[in-house]
Amino acid sequence: MKDLIFRSTVRVFLLCNTFILAQDREEAFITMFEPKNISTNSVEYSSSFSSSGIEVYFTRSNNKWGTGNMKTSIYYSVKKNGKWSIPEQVSFSSQFDDSSPHLTTDGNTLYFVSKRPSKGVPISSDIWVVKKDETGKWGIPFRLNNPVNSEYREYSPCTDDAGNLYFASDRPNGYGQGDLYIAKIENKKFMAPVNLGNSINTKHGEWNLEVNKKGNLLIFEASGRKENVSSYGDLYISFKSDTKWSIPQNIKELNTSGSDLYPHITHDGKTLFFTSSNSLNSVDTNIYFTEFKPIYEKYKRQAVFLK
C-alpha cells in the first residue's frame, strides 16, 4: 500500500469512483462514499459507522456549504445484501438544526450537536444524547448538563471505549478560537471538561475531531496554522504516550484548498472516513474514505513529543 502514496502535481485521476486529490502535495487513493446516494449534490458531512460497519449516520443539508446559516439534519443508511439503502432522516431529527452524529461502540447511544431549545438554558450549539429503547428505537434526546455544555458552542462529540467524551468548544479560557477537550467518565457521570493542552491546542482554531477506541490517537481539523494547505481547515493527527500528546502533524495526503474535516475511523481501524469540499470555491461537501494503515504508520514513525 505504501506504493499508493507518492508525490505528484497531477490534478485528478478518475478510477471507478476512486481518485487522487492533488494540490502539489503527497497523494493517496481516496474514494467518494456512495456517490449519488449518500454523497450527493447536497452537503453531506460527519459520518459515524456502527461497529458492524453496516449502519451509518451522517449530516445532510440542502443549503450551500460555507453560507454560515445551514439547516442540517441527521440521516442514516443501512447496508443490506451489499448495498446501502436510500438515506432517511432519523426519527428525532427534522425540526431543529442537528449535526455531527457519533454512534457508540454498542450502537445504543448516539451523541450529536443541536441548537434545539432546552429548558432553563440559552439556545446554542450543544451536545445532546439519544438512546435506543428496549425495542431498538431511538428515544427522546436530552442535553448534557453544564459544564460539559456551556453558553458557548460545542462541536463534534466522540467517545473512546472507556466512555470518555471528547469534543471541541469555543468557550473562553482556552488557548485560541476553538480548543479540544475531554470530559472523563467516572461512576457513569461526566467530570468537568479538561483542555487537552497546548501540544494540541494553539492560538488558532482546533475543531472537529475523532479519537480512536483506545483513546491514544486524535485526528482533528485545525485552521490558521502555517502548515495548512487550506485557509479554512486541514486535518491533523496526534498520538498519545503516557499522558502526553505528540505535536500534531498535517495529514498531507488528504488536505485540499477547501475544507477537510470531520474524520472518522472505523471500529476495525482499517478505514478513515472524512469530509471534504475539495476546493476553496465549492458549495457542497461529500464524504470520502481511504485506507488508514499507511497514514497511521507514516505519522506514527514521525511523531514528536514536547519535552
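These numbers come from the heavy atoms of this one structure, side chains and all, not from hydrogens, waters or symmetry mates. Here the structure is a predicted model, which is why all the values come from computation and not from measurement.
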**Student:** Over 60° means perpendicular and under 30° means parallel, so classify the ring planes of Trp138 and Phe92, tilted if in between.
**Tutor:** perpendicular
**Student:** How long is the span from the NZ atom in Lys240 to the OG atom in Ser246, to the nearest 0.5 Å?
**Tutor:** 12.0 Å
**Student:** Taking side chain as C-beta onward, heavy atoms only, is Pro87 less than 4.5 Å from Glu34?
**Tutor:** no
**Student:** Do any N or O atoms from the side chain of Asp160 and from the backbone of Ala162 form a donor-acceptor pair under 3.5 angstrom?
**Tutor:** yes
**Student:** Does Leu180 belong to the same Ile/Leu/Val/Met/Phe/Trp/Tyr cluster as Tyr166, with side-chain heavy atoms less than 4.5 Å apart forming each link?
**Tutor:** yes
**Student:** Using every non-hydrogen atom in the two residues, find where Asn286 and Glu44 come nearest and quote the distance to one decimal.
**Tutor:** ND2-OE1, 3.4 Å
**Student:** Please answer whether the main-chain N or O of Ala222 pairs with a side-chain N or O of His204 as donor and acceptor at a distance below 3.5 Å.
**Tutor:** no
**Student:** Is it true that a side-chain atom of Glu206 and a backbone atom of Asn201 form a donor plus acceptor pair closer than 3.5 Å?
**Tutor:** no
**Student:** Do the side-chain N and O atoms of Trp207 and Ser223 include a donor-acceptor pair separated by under 3.5 angstrom?
**Tutor:** yes
**Student:** So, Thr256 and Asp260: side-chain donor and acceptor under 3.5 Å apart, yes or no?
**Tutor:** yes
**Student:** Any side-chain heavy-atom pair from Leu272 and Pro263 closer than 4.5 angstrom?
**Tutor:** yes
**Student:** Taking a hydrophobic cluster as the set of Ile, Leu, Val, Met, Phe, Trp and Tyr residues connected by side-chain heavy atoms closer than 4.5 Å, whether directly or through intermediates, do Phe190 and Val130 fall within one such cluster?
**Tutor:** no
**Student:** Under 6.0 Å from the CZ atom of Phe96, do we count more than 12 heavy atoms belonging to anything else shown?
**Tutor:** yes
**Student:** Same cluster for Phe289 and Leu261 if Ile/Leu/Val/Met/Phe/Trp/Tyr side chains link at under 4.5 Å?
**Tutor:** no
**Student:** Tell me whether Glu227 is salt-bridged to Lys252, with the criterion being a basic N under 4.0 Å from an acidic carboxylate O.
**Tutor:** no
**Student:** Determine whether a donor-acceptor pair (N or O, by modelled atom type, separation under 3.5 Å) exists between the side chain of Asn149 and the backbone of Ile127.
**Tutor:** yes
**Student:** Got a second to check how far Asp179's CG is from Phe220's CZ, nearest 0.5 Å?
**Tutor:** 10.5 Å
**Student:** Are there more than 12 heavy atoms of other residues, nucleotides or ligands under 6.0 Å from atom NZ of Lys115?
**Tutor:** no
**Student:** Looking only at heavy atoms, what is the nearest atom pair of Gly269 and Phe292, with distance?
**Tutor:** O-CD2, 3.5 Å
**Student:** Got a donor-acceptor contact below 3.5 angstrom from the Thr271 side chain to the Thr266 backbone?
**Tutor:** no
**Student:** For Ser73 and Gln89, which I'm curious about, is there any donor-acceptor pair between the side chains at under 3.5 Å?
**Tutor:** yes
**Student:** Verify whether one side chain among Ser279 and Asn281 offers a donor that lies under 3.5 Å from an acceptor in the other.
**Tutor:** no
**Student:** Using every non-hydrogen atom in the two residues, find where Pro193 and Pro147 come nearest and quote the distance to one decimal.
**Tutor:** CG-O, 3.3 Å
**Student:** Within the side chain of Ser156, is there an N or O that forms a donor-acceptor pair under 3.5 Å with the backbone of Asn208?
**Tutor:** no
**Student:** Establish, yes or no, whether a centroid distance under 6.0 Å links the rings of Tyr155 and Tyr262.
**Tutor:** no
**Student:** Before giving the answer on side chain to side chain donor-acceptor pair (under 3.5 Å), spell out for Asn228 and Ser230 the whole-Å C-alpha distance, their side-chain angles and the decisive distance to 0.1 Å.
**Tutor:** CA-CA 5 Å; Asn228 272 35; Ser230 170; 5.9 Å; no
**Student:** Just how far is it from atom CZ of Arg60 to atom OG of Ser39, taken to the nearest 0.5 Å?
**Tutor:** 8.5 Å
**Student:** Show me, pair by pair, the donor-acceptor contacts under 3.5 angstrom made by side chains of residues 106-114, not counting sequence neighbours?
**Tutor:**
residue	atom	partner	partner atom	Å
Asp106	OD1	Thr104	OG1	2.8
Asp106	OD1	Asn108	N	2.9
Thr109	OG1	Lys131	NZ	3.2
Ser114	OG	Asp98	OD1	2.6
Ser114	OG	Arg116	N	3.0
Ser114	OG	Arg116	NE	3.0

**Student:** Is it true that Ile200 and Ile182 fall in one hydrophobic cluster, defined by side-chain heavy atoms closer than 4.5 Å?
**Tutor:** yes
**Student:** Does His267 use its side chain to pair, donor to acceptor, with the backbone of Thr105 at less than 3.5 Å?
**Tutor:** no
**Student:** Do Tyr288 and Asn278 make a side-chain contact, defined as non-hydrogen atoms from C-beta onward lying under 4.5 Å apart?
**Tutor:** yes
**Student:** Without hydrogens or angle criteria, can the side chains of Glu154 and Ser169 be said to hold a donor-acceptor pair below 3.5 Å?
**Tutor:** yes
**Student:** Between Ser100 and Ser46, which heavy-atom pair has the shortest distance, and what is it?
**Tutor:** CA-OG, 3.2 Å
**Student:** Rounded at 0.5 Å granularity, tell me how far OG in Ser276 sits from OH in Tyr45.
**Tutor:** 14.5 Å
**Student:** Evaluate whether atom NZ of Lys83 has more than 12 neighbouring non-hydrogen atoms of other residues, nucleotides or ligands under 6.0 angstrom away.
**Tutor:** no
**Student:** How long is the span from the CZ atom in Arg153 to the CG atom in Asp170, to the nearest 0.5 Å?
**Tutor:** 4.5 Å
**Student:** Are Leu254 and Ile295 close enough that some pair of their side-chain heavy atoms sits under 4.5 Å apart?
**Tutor:** yes
**Student:** Looking at Leu306, I want to see if its CG is surrounded by more than 12 non-hydrogen atoms of other residues, nucleotides or ligands under 6.0 Å.
**Tutor:** yes
**Student:** Can you tell me if Ser85 uses its side chain to pair, donor with acceptor, with the backbone of Val78 under 3.5 Å?
**Tutor:** yes
**Student:** When you compare the side chains of Asp97 and Ser99, does any donor N or O come within less than 3.5 Å of an acceptor on the partner?
**Tutor:** no
**Student:** What is the minimum heavy-atom distance between Val211 and Gly215, and which atoms define it?
**Tutor:** CG2-CA, 3.7 Å
**Student:** Checking side-chain polar atoms at under 3.5 Å, does Ser277 have a donor or acceptor matched by the opposite partner on Thr285?
**Tutor:** no
**Student:** Do Glu221 and Tyr232 have side-chain heavy atoms sitting under 4.5 Å apart?
**Tutor:** no
**Student:** Could you walk me through whether Asp126 and Leu144 pass the side-chain contact (heavy atoms from CB on, under 4.5 Å) test, one step at a time?
**Tutor:** CA-CA 8 Å; Asp126 284 334; Leu144 290 182; over 6 Å; no
**Student:** Start with the C-alpha gap between Thr159 and His102, add the side-chain angles, then the distance that decides, and say whether side-chain contact (heavy atoms from CB on, under 4.5 Å) holds.
**Tutor:** CA-CA 8 Å; Thr159 59; His102 167 73; 2.8 Å; yes
**Student:** Would you check if the side chain of Ser124 reaches a backbone N or O of Tyr152 as a donor-acceptor pair within less than 3.5 Å?
**Tutor:** yes
**Student:** Closest heavy-atom contact between Asn164 and Lys184?
**Tutor:** OD1-CA, 3.2 Å
**Student:** Would you say Asn255 and Tyr236 are linked by a side-chain donor-acceptor pair, where the criterion is simply a distance under 3.5 Å?
**Tutor:** no
**Student:** Linking I/L/V/M/F/W/Y whenever their side-chain heavy atoms sit closer than 4.5 Å, directly or via other members, would Ile30 and Phe273 fall into one cluster?
**Tutor:** no
**Student:** Can you establish whether the number of heavy atoms outside Lys244 located under 6.0 Å from its atom NZ is more than 12?
**Tutor:** no
**Student:** Are Phe33 and Trp84 close enough that their ring centres sit under 6.0 Å apart?
**Tutor:** yes
**Student:** Do Phe167 and Val148 make a side-chain contact, defined as non-hydrogen atoms from C-beta onward lying under 4.5 Å apart?
**Tutor:** yes
**Student:** Is the shortest heavy-atom distance from the side chain of Ile185 to the side chain of Leu165 under 4.5 Å?
**Tutor:** no
**Student:** Less than 4.5 Å apart, side chain to side chain, heavy atoms only: is that true for Glu253 and Thr290?
**Tutor:** no
**Student:** Roughly how far apart are Lys226 NZ and Asn250 CG, rounded to 0.5 Å?
**Tutor:** 12.5 Å
